[in-house]
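Remarks on the structure that follows.
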Amino acid sequence: MKFEEILPHLRNGEKIIRSGWPGAELYVKLVGESEVDGEKLNPYLLINVEGEGYTMFTPTVCDLLAEDWEIVE
């Protein structure tokens with residue numbers, strides 16, 4: 001799928017991944033709006049990488065244009 005096709009799945013709480021990535025990446029997920037120390041925290045993306053845990057994820061231009069996005073079951 002293209003990124004614009006997979007985005008609604010992210011918004012529905014599903015996890016996604018690119019099949020073209022080498023393998024350590026487990027999935028990307030959307031974390032919704034929340035609050036930290038009384039301040040609004042805007043939604044953001046996290047990626048779970050095997051052996052490393054979570055880190056912030058910002059799609060590259062290549063990621064946005066890729067057509068190998070899929071839903072993680």
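Bear in mind the structure is a predicted one, so any value in this text is a computation, not a measurement.
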(request) Could you tell me whether a side-chain N or O of D68 sits under 3.5 Å from a main-chain N or O of R18, the two making a donor and an acceptor? (result) no
(message) Could you measure the distance from the CH2 atom of W69 to the CH2 atom of W21? Nearest 0.5 Å is fine.
(response) 4.0 Å
(request) May I ask you to test the E5-P8 pair for a side-chain heavy-atom distance under 4.5 Å? (result) no
(request) Looking only at non-hydrogen atoms, find the nearest pair between V28 and L10 and report the distance. (result) O-CD2, 3.8 Å
(message) Taking the side chain as everything from C-beta on, heavy atoms only, tell me whether P43 gets closer than 4.5 Å to V31.
(response) no
(message) Are I47 and E25 packed together at the side-chain level, in the sense that at least one heavy-atom pair is separated by less than 4.5 angstrom?
(response) yes
(request) With side-chain contact (heavy atoms from CB on, under 4.5 Å) as the test, would you mind laying out the steps for K29 and N48 before giving the verdict? (result) CA-CA 8 Å; K29 67 185 254 177; N48 189 339; over 6 Å; no
(message) Do L65 and I6 land in one hydrophobic cluster if side-chain heavy atoms of ILVMFWY residues count as linked below 4.5 Å?
(response) no
(message) Give me the atom names and distance for the closest heavy-atom approach of P59 to D63.
(response) CA-OD2, 3.7 Å
(request) Specify the closest pair of heavy atoms between G23 and E50, including all atoms of both residues, with the distance to one decimal. (result) O-OE1, 4.5 Å
(request) State, yes or no, whether a side-chain contact exists between F57 and L46 at a heavy-atom distance under 4.5 Å. (result) no
(request) Would you kindly confirm whether L45 and V61 end up in one hydrophobic cluster when ILVMFWY residues are joined by side chain heavy atoms under 4.5 Å apart? (result) no
(message) Looking at every non-hydrogen atom in both residues, tell me the closest pair between N42 and Y44 and how far apart they are.
(response) O-CD2, 3.4 Å
(request) Identify the heavy atoms of E14 and I71 that sit nearest to each other, and give their distance. (result) OE1-CG2, 3.5 Å
(request) Identify the heavy atoms of G38 and E35 that sit nearest to each other, and give their distance. (result) CA-OE2, 3.4 Å
(request) Evaluate the side-chain proximity of E70 to M1: yes if any heavy-atom separation is below 4.5 Å, no if none is. (result) no
